Amino acid sequence: MGRAHEVRAASMAKTAAMKTKVYSRYGKEIYIAAKSGVPDPEMNLSLKHKIAEAKANQVPADVIKRAIEKAKGGSAESYDEVQYEGFGPNGSTFIIQCLTDNTNRCYTEVRNCFNKSGFNIGQKGSVSYLYETDGVLIFKYDDEETMMDTLIMAEVDLKDLTVEDGVMTVYTAPGDLHKAKDAIDELIPDCNYEVCEIQMLPNDYVTLDDESYEKFERFIRLTDACEDIQHLYHNVEERE
């Protein structure tokens, strides 16, 4: 199974609780983008792009509006971006990206997730070199030639394009994610995206035996409960 399968499998595993976490994640990211400049997407390109990502990932309009209004209201909340990396069984690796208002608490909670699962937290850079950062867009479409021509004409730095069961996955250079989305939206009006965001993707995947996979699932549950965690990337082949 290739990385397209794994990326799509992860995107389809969103329960109601996971969706709530996605909404919270984008709420924070939109708030930060609005606070870092003018809280108006027409005058703040970072905010405009973050709103576009949120909408593409089915984040409700009221979540977006609340985050912007919070920034307009002069909230004193501030968040630090921190990243943790670690190891599990059979060569499995993990990258955790957080937005937190308390880095000491955040580190303790993330370390506990590793410890309780029998995994090991590593040093900065110990895992990330095994991953690539890509813009990822997943949506229903199966005409590879037309899509490739469209993205080339839009001068998108296209890294890869795959189709599986009528679903297309487009990988771009991180800075071209929104350029690609604009081109796709023009080609496919009202396109519904399963994924539209920048992700860290492993160069290779590993499989786990039953016992190790149970530990992996425990680790996922523990990290899901940490509000500071924005993104979790790993190289484990997930089961159906």
Side-chain angles (χ1 to χ4, degrees), residues 7 10-11 14 17-84 95-101 103 106 128 131-139 151 154-159 169-186 188-201 223-224 226-233:
V7 171
S11 75
K14 294 177 181 174
M18 283 295 290
K19 287 181 179 179
T20 300
K21 190 172 179 66
V22 169
Y23 301 163
S24 174
R25 169 163 68 86
Y26 274 106
K28 281 185 182 179
E29 293 179 0
I30 290 169
Y31 167 77
I32 289 172
K35 285 280 287 186
S36 66
V38 180
D40 180 347
E42 297 307 315
M43 301 175 65
N44 183 335
L45 188 59
S46 294
L47 176 59
K48 184 176 182 178
H49 284 169
K50 191 54 64 177
I51 290 172
E53 286 181 40
K55 288 181 177 179
N57 286 284
Q58 289 80 53
V59 176
D62 64 312
V63 173
I64 297 171
K65 182 179 178 181
R66 281 200 305 271
I68 295 174
E69 291 300 318
K70 184 178 179 181
K72 287 180 178 179
S75 172
E77 281 187 29
S78 64
Y79 296 94
D80 293 312
E81 296 183 25
V82 290
Q83 177 170 299
Y84 304 103
I95 297 175
I96 294 177
Q97 295 176 341
C98 304
L99 281 175
T100 181
D101 57 0
T103 55
C106 183
S128 53
Y131 288 66
E132 292 184 18
T133 302
D134 291 344
V136 181
L137 303 103
I138 302 179
F139 50 95
L151 296 175
E155 299 183 343
V156 171
D157 185 351
L158 180 64
K159 300 179 76 171
T169 303
V170 172
Y171 303 92
T172 73
D176 280 3
L177 173 70
H178 294 282
K179 187 190 292 187
K181 181 181 181 299
D182 290 343
I184 294 167
D185 288 342
E186 186 172 342
I188 314 170
D190 301 318
C191 180
N192 292 316
Y193 295 89
E194 290 183 19
V195 171
C196 176
E197 61 185 15
I198 294 172
Q199 297 187 353
M200 295 188 72
L201 304 176
T223 55
D224 282 346
C226 294
E227 292 187 7
D228 287 339
I229 294 177
Q230 296 289 99
H231 300 277
L232 167 62
Y233 303 113

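These numbers come from a predicted model, not from an experiment.
Counting only heavy atoms from C-beta outward, the side chains of Ile51 and Ile68 approach each other to under 4.5 Å. For the pair Ile198/Asp134, no side-chain contact is recorded, criterion being any heavy-atom separation below 4.5 Å from C-beta on. For the pair Val136 and Val170, the minimum side-chain heavy-atom distance is 4.5 Å or more. With a 4.5 Å cut-off on side-chain heavy atoms, Ile96 and Tyr233 do not count as touching. Ile30 places a side-chain heavy atom less than 4.5 Å from the side chain of Leu47.
Between Lys50 atom NZ and Asn44 atom CG the span is 12.0 Å, to the nearest 0.5 Å. Of the inter-residue distances, the one linking Glu227 atom CD with Leu99 atom CG reads 12.5 Å to the nearest 0.5 angstrom. Taking CD1 of Ile229 as the reference point, atom OG of Ser24 lies at 12.0 Å (rounded to 0.5 Å). The distance from the CD1 atom of Ile95 to the CG atom of Leu201 is 10.0 Å, given to the nearest 0.5 Å. Atom OG of Ser128 and atom CD of Gln97 lie 9.5 Å apart (nearest 0.5 Å). Rounding to the nearest 0.5 Å gives a distance of 7.0 Å between OH of Tyr193 and CD1 of Ile188.
Both the sub-6.0 Å distance and the 45° axial angle are satisfied by Lys70 relative to the ring of Tyr31.
Screening Thr169, Thr172, Val195 against Leu137 for a side chain to side chain contact (heavy atoms under 4.5 Å, CB included) leaves a single residue, Thr172.
Environment of CD in Glu77: crowded, with over 12 heavy atoms of neighbouring residues, nucleotides or ligands closer than 6.0 Å. Shown here is Lys179, whose NZ atom has more than 12 heavy atoms of other residues, nucleotides or ligands within 6.0 Å. Annotation for Asp62: atom CG counts as buried by contact number, over 12 foreign heavy atoms lying within 6.0 Å. In Gln83, the CD atom is crowded: over 12 heavy atoms of neighbouring residues, nucleotides or ligands sit closer than 6.0 Å.
Checking Gln199 against His231 by side-chain atom types alone, no donor-acceptor pair falls below 3.5 Å. Residues Tyr79 and Glu81 bring no donor and acceptor atom of their side chains to less than 3.5 Å of each other. Side-chain atoms of Asn57 and Tyr26 include a donor-acceptor pair closer than 3.5 Å.
Proximity of a side-chain donor or acceptor of Asp176 to a complementary backbone N or O of Asp157 within less than 3.5 Å is detected. When atom types are taken as modelled, the side chain of Lys181 and the backbone of Cys196 share no donor-acceptor pair closer than 3.5 angstrom. Between the Asp80 side chain and the Asp101 main chain, no donor and acceptor come within less than 3.5 Å of each other. In this structure, Gln230 contributes its side chain and Arg25 its backbone to a donor-acceptor pair below 3.5 Å.
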Report task. Go through the steps for His178 and Val156 under the test side-chain contact (heavy atoms from CB on, under 4.5 Å), then give the verdict. Result -> CA-CA 9 Å; His178 294 282; Val156 171; over 6 Å; no

Query - Audit row: Arg66, Glu69, salt bridge (charged side-chain N to carboxylate O under 4.0 Å, His left out) steps and yes/no - result: CA-CA 5 Å; Arg66 281 200 305 271; Glu69 291 300 318; over 6 Å; no

Requested in this report: Take Glu132 and Lys159 through the test side-chain contact (heavy atoms from CB on, under 4.5 Å) and record every step on the way to the result.
Outcome: CA-CA 11 Å; Glu132 292 184 18; Lys159 300 179 76 171; 3.6 Å; yes

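Smallest separation of non-hydrogen atoms from Gly27 and Ala67: O-CB, 3.4 Å.
Among residues at least two apart or in separate chains, there is no side-chain hydrogen bond (donor to acceptor under 3.5 Å, both in side chains) pair with a member in residues 32-42.
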